[in-house]
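Structure record follows, encoded as structure tokens.
Chain identifiers are assigned alphabetically (A, B, ...) following the order of the sequence lines, protein sequences preceding nucleic acid strands; residue numbering begins at 1 within each chain. Side chains included, hydrogens not; waters and symmetry mates left out as well; all remaining heavy atoms used. What you see is a predicted model, and the numbers here were worked out from it, not measured in a lab.
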There are 2 protein chains.
Amino acid sequence: MEEQFKLDNQLCFRLYTASRLLTQAYHPLLSEQGLTYPQYLVLLVLWEKDAQPVNDIAKRLFLETNTVTPLLQRMEKEGIIVRAKGSEDGRQRIVSLTRKGKALKKELANVPFAVGSAVACKSVKPETAPELFRMLDDIIAKLDAKQE
Amino acid sequence: MEEQFKLDNQLCFRLYTASRLLTQAYHPLLSEQGLTYPQYLVLLVLWEKDAQPVNDIAKRLFLETNTVTPLLQRMEKEGIIVRAKGSEDGRQRIVSLTRKGKALKKELANVPFAVGSAVACKSVKPETAPELFRMLDDIIAKLDAKQE
DNA sequence: TTGATTTATATCGTTCACGATGCAAATATA
DNA sequence: TATATTTGCATCGTGAACGATATAAATCAA
């Protein structure tokens, strides 16, 4: 068996699996509020800075607008956000939190801690997390650069 | 701003992004053969050991059968695999590579190297990869254990 | 200013993921 | 041996992802 084809030698498969399993850990916490994980990411972005155009949100999440637009439409239908036509640039749609969207921040305050403790293990703890973060950031930076 | 809500402090977001971007790096190489990334993963599993029931493939990929079944149906339609009723256990469907599925191994021989060089960077190189692999394996093991 | 190009967003089609549910074959229990 | 339970796989519905394409507003060029 050629080494390069062994599943256990594949970085991408590890990332794919770790990502899926960790996202699943969020599920019970988020579904309680009727949210999905990508919707939660949009909230994180808007809690940092409210009233952003679709494109800024998409860029922050390394997603395309054709992924983000339907996601935002669903969130708007849920009354979490509103999408208003940009006043200076008529093409833009400015996404803002509603009162409900802002209130979710309190409801979800414990989520990061709950997930943090769910994933804490030998390799992931306060001392080693920065190392892991740096590695992943390097990978993201390298791959994102190729997109341009 | 509360630290725990900063996108830049989120492990899951990093894994999610790194996974998506790295999967995208596979796309031009795989689509050449009409494959998707999850289909490529199924091939990796079958190249390691041919003729496996659906459940074994799903478990190996940490996926549910309701994800794998439609995926296999599409691969069967493409003539890459066949799904035969199990002889000893009539509930099982044994998935086997066709001649075409086996031949793809040669066609895709360069994929791991191409992707490897695309992602190679400061943090990911022969010396540091094992460390990263170990961390991701720890996360997967910890989260997978909670599923049982 | 008119026409061409770019930009911001939306729509469409296909393929995952995955919770929920259904069904038939195998196994356990009464 | 009947009946109940479990197991393996499939189907269905919803929400991402993402390539391809469309549309309208803004900008650039002639």
Using the closest heavy atom to pick a nucleotide of DNA chain C for each, name whichever of A:Leu72 or B:Ser87 lands nearer the 5' end.
A:Leu72
Rounding to a whole Å, what distance do you find between A:Ile57:CD1 and C:dA8:C1'?
13 Å
OP1 or OP2 of D:dC9 versus the side-chain N and O atoms of B:Thr65: is any pair under 4.0 Å?
no
Presence of salt bridge, B:Asp144 and B:Lys59, under 4.0 angstrom:
no
Could you tell me how far apart A:Leu61 (CG) and C:dT9 (P) are, to the nearest whole angstrom?
14 Å
Side-chain N or O of A:Arg93 versus OP1/OP2 of C:dA8: is the shortest distance under 4.0 Å?
no
For nucleotides 15-24 of chain D, 5' to 3', base contacts (B), sugar-phosphate-only contacts (S) and non-contacts (-) with protein non-hydrogen atoms under 4.0 Å give SBBBBB----
How many whole angstroms separate atom CG of A:Leu22 from atom P of C:dA17?
16 Å
Whole angstroms only, please: what is the CD-P distance between B:Glu76 and D:dA10?
9 Å
May I ask you to verify if any side-chain N or O of A:Gln73 is less than 4.0 angstrom from the OP1 or OP2 atom of C:dT9?
no
Calculate the interatomic distance between B:Gln92 atom CD and C:dT27 atom P; express it in whole Å.
10 Å
Are the side chains of B:Leu41 and A:Tyr16 in touch, meaning some heavy atoms are under 4.5 Å apart?
yes
Residues A:Lys122 and B:Asp137 bridged, charged N to O under 4.0 Å
no
Worked verdict on B:Met135 versus A:Glu131 for side-chain contact (heavy atoms from CB on, under 4.5 Å):
CA-CA 10 Å; B:Met135 287 175 155; A:Glu131 170 74 6; 3.9 Å; yes
Would you sort out whether B:Trp47 and B:Leu104 count as a side-chain contact (heavy atoms from CB on, under 4.5 Å), showing the intermediate values?
CA-CA 10 Å; B:Trp47 288 337; B:Leu104 279 169; 4.0 Å; yes
Atom of B:Ala118, atom of A:Leu143 and distance for their closest heavy-atom approach
O-CD2, 4.1 Å
Considering residues at least two apart in sequence or located in another chain, which fulfil the side chain to side chain donor-acceptor pair (under 3.5 Å) criterion with A:Arg83?
A:Glu76
Integer-rounded Å distance: D:dG8 P and B:Asp56 CG
9 Å
With a cut-off of less than 4.0 Å, is there a side-chain N or O of A:Arg83 near OP1 or OP2 of C:dT9?
no
Between C:dT14 (P) and B:Lys77 (NZ): distance, integer Å:
10 Å
Atom-to-atom span, CG of B:Leu35 to P of C:dT15 - whole angstrom:
12 Å
